[in-house]
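So the structure is just underneath, and the comments pick up after that.
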Amino acid sequence: MKYYLLLSIFGVFANCERLHEQIYSSIKGGAACFRRLNGTHQAGCSSSDKGAVGVVQMISDITDAQWIAFNSSAGPYMAIVNTDIFKDVIEVLMGHPENVAGVVIFNNVTDSTFSFTQESRCPNEYSSGFENQCSSSSSFVWNDQGTGLLRRNIPFPIFYLPDSKMDQIEKIQECYLKFNLDKTNQKGRPLCSVQLNSFMFAAVNSEVCLRRSATSALLSPTKVCDPLGDNNVYYSLFPRPKEKETANKSIILVTARIDSASLFDGLSPGTASSVVGTVTFLTAAATLAKMIPVTEANLYDNNVLWTLFNGEAFDYIGSQRVAYDLKKGSWPYAPLKPSNIRLHVEIGQIGGAMTVHKNDNLWPLNVYAPNYSVYNTEVSEFVSMMLNNTMAVNYIVSDNLPPSSLHSFRKILKNVTSSGDLPELLIVDHDEIFTNLFYNSALDQSDKIGYFYHNISIGSDGTFLTTAELLLNGTMEEFEPQVKISRVATAFAKTLYQKVTGKAYYGNITASAHLVDEILYCLLMSQACRLLYAVDFAQSEGGEEKMPTRAPPLYVGVAPVENTAPTFAGHLLALLTGQQLNLNKTGCDAPPQPGYSKYWLRGWNHTGVCIQTTMNFSQALSPAFVITDYDMKSGDYSTWTESVWQTMWARVFVSAGGGGATVAVISGCIVTVVAALLTYWLKRHAAIAFAKAPAAVVVNEDAASGILRTVNC
Amino acid sequence: MDLNRLPNDKKLQLCIWYFKVGCLFLPFVWAVNAVWFFKEAFVKPPYDEQKQIKKYVIMSGTGAFVWTAILGIWVAIFQLQRVSWGATGDALSFIVPLGRA
């Protein structure tokens, strides 16, 4: 019996949880909204430094949000909202933030929302060219469903839980049903609560936070924000050595955007917003490089310069920098004059229409060109070439161009762009309103274009199955995005071939849907993919399985950190378009031929290859952070910075009703008073209370002063 | 130190010494001086050095009070105006607050 008792006590201790764990249950897998700042404002969310605590309220419709704002009694509240009603609910809560501690958004797949975009109604409105007609206050807007939260200051923290984390929502809901159901009688009762912590260090605007980051005060060397930025990627069809005249060939500039954005940390899938465009760009570049081998460089007077811009979601960081550098004559490696650019073609947002045409073979595209194109033969010629090369596009002439990097060129290189000396055109999938209803959001995922990975192995020499083969053996269907992208990339490459050589292409080189499948997988699903492994620097350790199994972040991020996506795109361009040299690692380190650079990549058979390429990276950091004493409030260039934060966490717990605390305070006061009175009474009546109490305490003055004397100085 | 056990001339010496130290931008020493010698200056029956002590106690007390008033006003102005001073406000701050203006 004795042993049993001992054992049971031991058992209790062994199973014991810390008190903290008994009270709190952390909510895992959430992504927090964080703070970004521009030259004049702060945008995004922050909690207080101890975290925001609020009583849980599950929001099932708009009336629940109104109840929090107007009728609730035990506030502040934590609103738990599904994505499908988020757009309406957030406006109510932001209108009356006094009673709101924060918001937790979840995405229930069964009630999935038809639109979810936190981007402005007119994306990058204030960095647009001068002819821009889109204004957030008007009814004619590109991003009709936009809430603009990405650029608004949100007075409370917001956390997002993806559909894979529904168990966390169920945990909150269970606690909510147990404690909070009685809405009329909540005050003074124990309630299910959630605490969100996403405290942001930076505040006010970029000017203030950069100043504070630079201050070398004695006790506060804390960095509070960093400028946004990363790398642009460029690659020319033919080398452009600095020293030679060939660098002055007229250039056809082909651009696309590589980045995306969302309100939440680490979640910027950007499928329809940017990835489809990026992949079309990469595939077309690879196809054109096969159609025109670099050995034919001397035959033609034209060159194609392919450029991927980064940070375009935040006032066109990458393209602003390129336009600024072009104006100064310092971009790219062999500087280019704007007058050398014969035509600028931007592959814009083209993924949205795939959502609409997920189940058919259509992919309608539009080509936008500014008004001068009516007289400008370059543009109309190129459009008719596209049509001749089976790229079905609808031609729209308007000075009101959709959001794209063209706006940077139209703003910064106004002299040449408004006159039409630098003709421009833009390929998009929409006309007056975006077809992509998830523009720059956390839900712009691969399912939106109906993408499924086919997982076909690549030949050890880098050969991909052709689209025709894949269709013939039934691996792929015509309606799949891979096939559609490969078709458009082929047509686009053929058009560029015609533009460069002056004759139509009759060869049998086409873009491969197999390649498209692989690039999409790397950018949308997992970094542990064949292509990323093949284009990795060969010296880096670890196998394919060592790479993270999530998609690479497409948010541009802060300038000091290099992201995977542009490096991947650059190396992939190098591997697909560059020449393989028969050199070992040491030979590859030797200086390259003029106009080239050399990369030692892992290669298709993973043994390491030396690639000679014209691909290069250029800094995508806004000119605002390059110009000394730039006026951040001028609005000329992008001024976005991102706040520093220390932790982001969320937890659920049952908060005390407050009754216990009140009782404790009152009883404490009573005990103190009683004890004081009792002591006083005892002192006065010591003779009664104690039988042999001394009559009085005799203090020996002499003795005391003797002690004092020794201590004293 | 028990002032009662000091001879009167030493008391005066000590009071002057504290006043002088307080002149080195140390108002708290003045405040201590004023409180410490208050009884000697105003309560104790008159003696030779008392007049002098009284003078230094009044000077120390006034000095400490003026310092407190000036510092108080500066703290109030700084706290209320720091944000609107912008860069100057940050430059004057020892610890710049995180996450707010």
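All values reported here derive from a predicted model rather than from experimental measurement. Order of the sequence lines fixes the chain letters, A, B, ..., with proteins taken first and strands second; residue numbering starts at 1 for each chain.
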Restricting to salt bridge (charged side-chain N to carboxylate O under 4.0 Å, His left out), what partner residues turn up for A:Lys633, sequence neighbours left out? A:Glu207
Neighbourhood of chain A inside residues 76-88 of chain B, taking heavy atoms under 4.5 Å as contact: B:Arg82, B:Gly86, B:Ala87
For [X], look at atom [atom1] and say whether over 12 heavy atoms of other residues, nucleotides or ligands are found less than 6.0 Å away.
{"X": "B:Phe65", "atom1": "CZ", "result": "no"}
{"X": "A:Tyr126", "atom1": "OH", "result": "no"}
{"X": "A:Glu91", "atom1": "CD", "result": "yes"}
{"X": "B:Tyr18", "atom1": "OH", "result": "no"}

Would you give the length of the straight line joining atom SG of A:Cys209 to atom CG of B:Leu98, rounded to the nearest 0.5 angstrom? 12.0 Å
Exercise: identify the closest heavy-atom pair between B:Gly99 and A:Ala203: C-CB, 3.5 Å
Considering only heavy atoms, which portion of A:Phe201 lies under 4.5 Å from any heavy atom of chain B: side chain, backbone, both, or neither? both
